[in-house]
Each structure stands twice: as structure tokens, then as C-alpha cells.
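In what follows, a structure is listed as C-alpha cells, so that the remarks can point back to it.
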Amino acid sequence: MTPEKLQKDLCKEIQILLKDVILEDSQKQKSKINVFPQNLPYQKDEEDLPPYPYCIVALTTNELPPERKPQKQGVTLYFGICYWNPDCQYQHTMLTIFEKIKRRFKTNPLLGASSCNDTILSVLDDEDDVSYPYYYGGMKLTFDLPNYEREDMFT
């Protein structure tokens with residue numbers, strides 16, 4: 001499995017995991033989460049609606065150890081949601097998202113040929129008091145990917 005395959009599989013998995021979470025878009029309509037690999041799509045002009053709610057599945061560092069140990073692939077999940085209720089208590093929705101992802105990878109760490117490591121970090125945006133109705137959060141995960149096998153030209 002390559003990092004790119006992991007990213008593609010994670011994009012699909014996030015959509016499945018969050019299919020039942022009630023979310024709204026920038027027009028106050030119910031919406032499923034939009035999942036993007038690495039970056040948000042380019043907006044041509046100001047009339048393009050932001051793709052809320054979204055998750056960006058960004059590949060970060062890749063460590064290939066010298067031994068035949070697994071590769072370590074860092075992944076950061078960036079979330080952007082709209083929360084229109086004036087109570088500004090968006091954290092309930094964001095924490096629900098976090099819990100679904102944590103539960104998935106703590107109870108079944110395998111995704112294809114990769115395995116999610118035990119440490120998962122999640123964070124709520126600390127600038128949430130100035131961003132109404134847009135709120136942000138993120139998660140950091142690390143996956144073990146198969147390492148390359150040394151070729152033996154004599155076998």
C-alpha cells in the first residue's frame with residue numbers, strides 16, 4: 001500500500017463513518033460531508049459557495065525506517081463545519097465526528113494493508129468565538145504501511 005492509496009481509502013472511509021452525522025452547508029441546508037484529498041478545491045470567484053461541511057485528508061510526514069519495520073505515514077484530518085445555532089455550541093457536532101473516527105480506528109485499526117497507530121490527537125479550534133457560523137477542528141493519525149522487501153537476486 002502506498003501513501004496515496006491510504007489517502008484514497010481514508011477519504012472513502014470518512015464519508016462512510018460520517019454519513020449519519022447531521023450537518024449543514026453554507027446555505028443552511030442539510031448536507032453530507034465533502035471529503036477532499038490534501039486540499040480544498042480552488043474557488044474561481046467569490047460567488048462559488050464554500051464546500052462546507054468538509055474534511056481534508058492531508059498526508060504529512062512519511063518515515064521509511066532503515067530496517068524492515070513498517071513505514072510510518074502521518075495523516076492530518078482538517079474539518080470545517082457550519083453551525084448556525086446562535087448558542088455557538090458547535091463542539092458537540094465536532095466531538096461526535098472525532099468520536100466516530102476514534103472508535104473506528106481503536107476498535108479496528110486496519111484499513112486495507114495499513115494499520116492505524118494507537119495515538120490519535122484531536123483538537124478544536126481555539127478561535128471559534130470569531131468564526132460564527134464556521135467552525136474548525138482537526139485530528140492527527142499515524143498509519144503503519146508495509147515497507148519494501150529487499151530483493152535477493154540469487155533466489
Side-chain angles (χ1 to χ4, degrees), residues 1-44 48-65 69-85 87-147:
M1 170 174 269
T2 64
E4 191 171 20
K5 173 77 168 112
L6 170 64
Q7 185 179 49
K8 185 177 180 180
D9 290 351
L10 264 174
C11 286
K12 289 178 187 175
E13 189 70 17
I14 298 294
Q15 287 179 319
I16 292 167
L17 289 172
L18 303 181
K19 71 179 186 318
D20 296 329
V21 177
I22 298 170
L23 300 165
E24 292 182 321
D25 64 16
S26 57
Q27 300 296 304
K28 298 184 180 181
Q29 302 297 312
K30 289 192 188 227
S31 176
K32 295 195 181 295
I33 194 145
N34 298 298
V35 182
F36 302 101
Q38 210 60 29
N39 293 298
L40 288 175
Y42 176 72
Q43 290 185 263
K44 294 178 186 170
D48 284 349
L49 294 175
Y52 291 93
Y54 66 78
C55 172
I56 300 169
V57 178
L59 299 176
T60 59
T61 58
N62 177 277
E63 179 185 348
L64 185 61
K69 294 179 182 175
Q71 295 182 57
K72 301 285 185 196
Q73 178 61 57
V75 175
T76 301
L77 305 177
Y78 298 99
F79 295 97
I81 63 170
C82 293
Y83 185 81
W84 290 98
N85 192 322
D87 69 4
C88 299
Q89 298 299 304
Y90 79 97
Q91 77 276 7
H92 301 296
T93 302
M94 196 69 76
L95 292 172
T96 297
I97 290 170
F98 293 167
E99 288 305 313
K100 285 185 172 287
I101 293 168
K102 289 190 288 187
R103 183 179 305 119
R104 159 59 172 93
F105 288 110
K106 291 303 268 185
T107 61
N108 180 9
L110 298 178
L111 182 64
S114 69
S115 179
C116 186
N117 290 349
D118 280 340
T119 302
I120 298 174
L121 174 68
S122 56
V123 63
L124 296 171
D125 183 15
D126 60 358
E127 299 291 326
D128 56 5
D129 58 336
V130 295
S131 62
Y132 175 88
Y134 304 108
Y135 299 97
Y136 306 95
M139 297 182 80
K140 286 189 178 279
L141 302 96
T142 303
F143 287 84
D144 289 338
L145 303 179
N147 202 334

Quick check: closest heavy atoms across [X] and [Y], and the distance to 0.1 Å?
X: Met94; Y: Tyr135; value: CE-O, 3.9 Å
X: Cys82; Y: Glu24; value: CB-O, 3.5 Å
X: Asn147; Y: Pro65; value: ND2-O, 3.7 Å
X: Phe105; Y: Glu13; value: CZ-CG, 4.3 Å
X: Ser114; Y: Leu6; value: OG-CD1, 3.5 Å

Please indicate whether Glu4 has more than 12 foreign heavy atoms, meaning atoms of other residues, nucleotides or ligands, lying under 6.0 Å from its CD.
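Not buried by this count: 12 neighbours or fewer within 6.0 Å.
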Taking atom CD1 as the centre, does Ile22 end up with more than 12 heavy-atom neighbours from other residues, nucleotides or ligands that are less than 6.0 angstrom away?
no
Does the side chain of [X] reach to within under 4.5 Å of the side chain of [Y], using non-hydrogen atoms?
X: Leu111; Y: Arg104; result: yes
X: Ser26; Y: Tyr134; result: yes
X: Gln15; Y: Lys32; result: no
X: Leu77; Y: Val57; result: yes
X: Leu23; Y: Ile33; result: yes
X: Ile120; Y: Ile101; result: no
X: Asp9; Y: Phe143; result: no

Does either side chain, that of Gln91 or that of Gln89, offer a donor lying less than 3.5 Å from an acceptor on the other one?
yes
Side chain to side chain contact (heavy atoms under 4.5 Å, CB included), paired with Phe79, selected from Leu124, Asp125, Leu18
Leu18
Check: Tyr54 ring centroid to Tyr52 ring centroid under 6.0 Å:
yes
Taking the six-membered ring for Trp, are the ring centroids of Tyr90 and Tyr83 within less than 6.0 Å of each other?
no
Is there a donor-acceptor contact under 3.5 Å from the side chain of [X] to the main chain of [Y]?
X: Thr142; Y: Lys72; answer: no
X: Asp144; Y: Ser115; answer: no
X: Gln71; Y: Glu63; answer: no
X: Asn34; Y: Pro53; answer: yes
X: Asn117; Y: Thr119; answer: no
X: Trp84; Y: Asp25; answer: yes
X: Gln73; Y: Leu59; answer: no

Taken to the nearest 0.5 Å, the spacing of Leu17 CG from Lys19 NZ works out to 8.5 Å
Once you round to the nearest 0.5 Å, how far does NZ of Lys140 lie from OH of Tyr78?
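The NZ atom of Lys140 sits 5.5 Å away from the OH atom of Tyr78.
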Is any NZ, NE, NH1 or NH2 atom of the basic residue among Asp118 and Lys106 found under 4.0 Å from an Asp or Glu carboxylate oxygen of the other?
yes
